Structure formats: C-alpha cells, structure tokens
Protein chains: 2
Amino acid sequence: MPSAREPKTDPKKRKRLSSAERREEFIAKAIEFFAQEGFESSTRELARRLGVTQPLLYRYFPSKEDLIAEVYKVVYVNRWRDEWDAMIADRSQPIRERMTAFYHSYTDVVFRADWMRIFLFSGLKGVDINQRYLRRVRERILDPIVRECRFEAGFPDLTPSAAEIEYAWVLHGGIYYYGVRRLIYESAELDNKSFVIESSLDAFLMEIAKLRGPG
Amino acid sequence: MPSAREPKTDPKKRKRLSSAERREEFIAKAIEFFAQEGFESSTRELARRLGVTQPLLYRYFPSKEDLIAEVYKVVYVNRWRDEWDAMIADRSQPIRERMTAFYHSYTDVVFRADWMRIFLFSGLKGVDINQRYLRRVRERILDPIVRECRFEAGFPDLTPSAAEIEYAWVLHGGIYYYGVRRLIYESAELDNKSFVIESSLDAFLMEIAKLRGPG
DNA sequence: ATATCTATTTATCACTCGATAAAGACCGGC
DNA sequence: GCCGGTCTTTATCGAGTGATAAATAGATAT
C-alpha cells in the first residue's frame, strides 16, 4: 500500500522507510490512544484503531512495555526544545521579556491533552520518567531563570537559594495547573493563556524582588 | 472476631454495627489500595490485602463500580470541611489571616497521597466528580475569597471579575502543585508548606491589589 | 443441643488480556 | 510466469478479570 502511493526510490531504502513509517504511525497512534485511555488499555483496541490486527504490533515492538517506552520517549524527549536554553540566556533582552517568550513557547508544547494526560498517567504509575522530567525542568528552566534574575539585579553570586527555586516552582505550577484545568478538567474560567502567563510572571518577579529588597 | 473485641451491647445493634464496620473497613482499605494501584487494579488483590476472599466484596458492594463510587464519596464529600466557609467569611480577621488559616487547613486535607492520587486517577478517567469538585472549589473557596478581598478594599460591588478568579486559580494551583510535587513526584525542594502558602498569598494579594491600583 | 440465619469460602463461568506460532497475502527480482 | 522474503492475519495459549451460585462455618435464638 505505501509503495503504491510513493514515488519510486531505491528499493531497499523505500522498504525500510515504509517500515519505519509504519512504526512511527503506530507510535503516533499509541500516544493518542494511551493518552485518552490510559496505559492499562488493551493492545487489541489500539490495533483496532490502527486498522490492523493485534499481533502485528508485536512485529514492531517486542512487548507492550517497549511500545509504552517509545511513547514516553517521543513525548518527553523529542518534544523538548533545545532553543529554550538560549531563550532564557539571551541577555540582550530583559528577563521579563525572555520569560514571557519562553513560557509561551513552553506552554505551546505542554498544553496539549496528550502531553498532559501521559504525564499524569505515567506519574501515577510511578514511572521514574516524571521525576527525571521535573529534574530537567528544575535544572534547565527554573535554575537558569533564577540565575538570570540575579544577574539582572546585579548580584555577584548567581547561585539560587532554595526559596527562589520554590518561588519559581510556584510560578511554574500556577501556569501548569491552568493547563491542567483547561485540558484535563476543562474548567478554566478564561481561555486566555497570555493573561495567566503575564500575571503569574508579575507575581513571581514581584516576589523575587521583595526577597532582595528588605533583606 | 469484632464481637469478641467489643463490649457487649444490644445484640441486634452489635451485629449491624459489626457489618457496617466491616463495610467501612473495606472502603478504607479500598481507598488506600486504589490510590496506590489505580482503579484498574483487581478486586482479588484488594481482597487479599483485606485478608478475605474476593467474592466477599460482592456481599457488601453490588459491583466494583459501586465500591469505587463509595471511595469517591468518602474522599471527596466526607473530607470536605464545612467550617471552611466560616473561616473565609470571618470579617473580624483581615483577609490575609483568614486565607492563611484556610490554606493551612485545606492543605491538611488534600496534601495526602490517597487524596491526590485518587483525584488524579479519577480526573484521567473522565469521571465527572472532578469537575464537580473544582466547581465547588470555585464557588465555595475562590469566589468567597475574591469577594472578601473586594470587601476589605472597600468596593461596593463584591462580584468577582473573571481576571480576579483567574488570579485565585493561579494561587490555588501554585499551592496545589506544590502538593503534587511533594506527594506524587516526591520532588519538592523545600519541605515547608508554610513558606509556599505565605509566599503564594503574598503574590496573590499583590496582584489583586495592583488590579485596582492603576485602573 | 439443635435449628436458623448470616458471614464467608470454594468452585466456577464467560470474558479479556499479552503474547506466540503458524498460515496466508503481497511485492520485488528473475 | 514463478520464487523468496517480508508484511499481515488467523488461531490459540495461559493467565487474570469481574461476577455468580452453591457449599460451608459460625454465631444466635429457642
């Protein structure tokens, strides 16, 4: 079927590509499926939605567990954008602008039903991938943000304090929870991501400035 | 067994109580069990942990679904504290004090692994109980809080705006997400609930004051 | 002590699950 | 045309699922 659709190329490559594409098709559908139904749902139902029989899945993945591992990998690893580092570190812009731009980009990625539901499902299953992900958020987002705030405030020591990191987590959590309310519980008051980002940022920057002011 | 432990009472009452107690024992263990393992886990494993056989569960609950409904009821309905209304409404105290006290009490209830995990599990299963719960939070917590803030600021009209409610959600979400990080992902930096509550409140009150200031 | 009623267990059904093996279908090269 | 290899399906296994009916144990009342 795919060879009929596609223009002719090197036979070997075409075949391999077709196989790889089918595999990717399976993974893509698995993401959608498991995000909707949870990881305890059956491979038979997934196969049904793919329009293939269930044993075919085992031609591409040794076990259901391996398929799920692929799902994690694509959602968590492949959707992470390396340019976020640069966005936060770009000192030609004030930190507020950088954070605004970053959180718009970040929420474009994570404010998606499949991302959020898979994150929640895997977190409840106790998969270590969640803790690894949060560590990554801490190290590559929150930590740099606090350091840039310190830099902009003229501090010689950029090392974040535990309190500053906790402020950053409250900021991050407030924004994230807005996504949860919208995409999981469908109960957000405002359909306005920008408003939430801007006001959360306001609050964070005020808090973190106050931390320095009186002390 | 229970009759041996207990002092003698009216036989009929004792018997009924014993039966009711066993039922409650089942529900209590079911909360713990489903919170840990998810609602897709088997009734056989639950029975094993209770030290009884699996068909006995069906003497007390017509189906697994009914047992789960009982779990929801106990966790969501029975743990809600009616005194929260009065805590928020008590105008003999400044709103900041009231909110601090309320959020300490509220997090005492919801910052528990069983509560959080069952909330997340049921939310992912699309059970309407989550949306009902969030509506209740909105109506009996956030709405009153914003109204009290308006009252304290001397506003004649206490009706909350959508923006104010969204601020309140960000506050609530930031605090809640701290609980999630601690109890679900076990990755909170500070083991200090008070700090998170106080600083989140600071941020919220500053934001909501700013909303009135320039406008 | 025995009959009665309830709590509990044993045995089992029909179904679904993940996974495997074997048979069939399809496509390229010759 | 046929042949060899890959993709896909059919058939099936063993284990586990929610649920039910019948058998048993254990207490209560007389």
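What you are looking at is a predicted structure, and each value in this text was computed from that prediction instead of being measured. Computed from heavy atoms alone, side chains included, the values below leave out hydrogens, waters and symmetry copies. Naming: A, B, ... by sequence-line order, numbering from 1 per chain.
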In sequence, state the C-alpha distance, the side-chain angles, and the governing distance for B:T100 and B:L201, and then conclude on side-chain contact (heavy atoms from CB on, under 4.5 Å).
CA-CA 8 Å; B:T100 305; B:L201 270 178; 3.3 Å; yes

Do the ring planes of A:W115 and A:Y76 sit parallel (below 30°), tilted (30 to 60°) or perpendicular (above 60°)?
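Rings of A:W115 and A:Y76: perpendicular, as their planes differ by over 60°.
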
Which of parallel (below 30°), tilted (30 to 60°) and perpendicular (above 60°) describes B:Y177 and A:H172?
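Correct class here is tilted.
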
Ring centroids only, cut at 6.0 angstrom: are [X] and [Y] within range, meaning strictly under it?
X	Y	result
B:W169	A:Y185	no
B:Y167	A:F195	yes
A:F121	A:F34	no

In whole angstrom, give the distance that lies between atom [atom1] of [X] and atom [atom2] of [N].
X	N	atom1	atom2	answer
B:L50	C:dA7	CG	P	16 Å
B:L57	C:dA7	CG	C1'	13 Å
A:R48	D:dT9	CZ	P	14 Å
B:L46	D:dG16	CG	P	17 Å
A:Q54	C:dA21	CD	P	14 Å
A:E40	C:dT16	CD	P	17 Å
A:L56	C:dG18	CG	P	15 Å

Output, in order, the C-alpha distance, side-chain angles, deciding distance and verdict of side chain to side chain donor-acceptor pair (under 3.5 Å) for B:S200 and B:Y178.
CA-CA 11 Å; B:S200 300; B:Y178 167 76; over 6 Å; no

From the options C:dT9, C:dA21, D:dG18, select the nucleotide whose nearest atom is closest to the side chain of A:P55.
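Closest of the options to the side chain of A:P55: C:dA21.
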
Kindly state which residues belonging to residues 58-75 of chain B come within less than 4.0 angstrom of DNA chain C, counting heavy atoms of the residue only, listed by number.
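Heavy-atom contacts with DNA chain C come from B:R59, B:Y60.
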
Of the residues in residues 25-37 of chain B, which ones touch DNA chain C at a heavy-atom distance under 4.0 Å?
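Here the set is empty: none.
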
Between A:T53 and D:dT8, is there a contact of a side-chain N or O with OP1 or OP2 at under 4.0 Å?
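For A:T53, the contact criterion (side-chain N or O under 4.0 Å from OP1 or OP2 of D:dT8) is not met.
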
Below the 4.0 Å mark, does C:dT16 have OP1 or OP2 next to a side-chain nitrogen or oxygen of A:S42?
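It does not, given that no N or O in the side chain of A:S42 lies less than 4.0 Å from OP1 or OP2 of C:dT16.
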
Does any N or O donor sit under 3.5 Å from an N or O acceptor when you compare the side chain of B:R44 with the base of D:dG16?
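No, the side chain and the base share no sub-3.5 Å donor-acceptor pair.
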
Should we count CD of A:E83 as having more than 12 external heavy atoms under 6.0 Å?
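For A:E83, atom CD is crowded (more than 12 foreign heavy atoms under 6.0 Å).
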
With B:R91 as the cation and B:F151 as the aromatic partner, state whether NZ or CZ is under 6.0 Å from the six-membered ring centre and within 45° of the axis.
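Ring-cation test returns yes.
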
Does A:T43 or B:G51 map to a spot on DNA chain C nearer the 5' end, using the closest nucleotide for each?
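Its nearest nucleotide lies further toward 5', so the answer is B:G51.
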
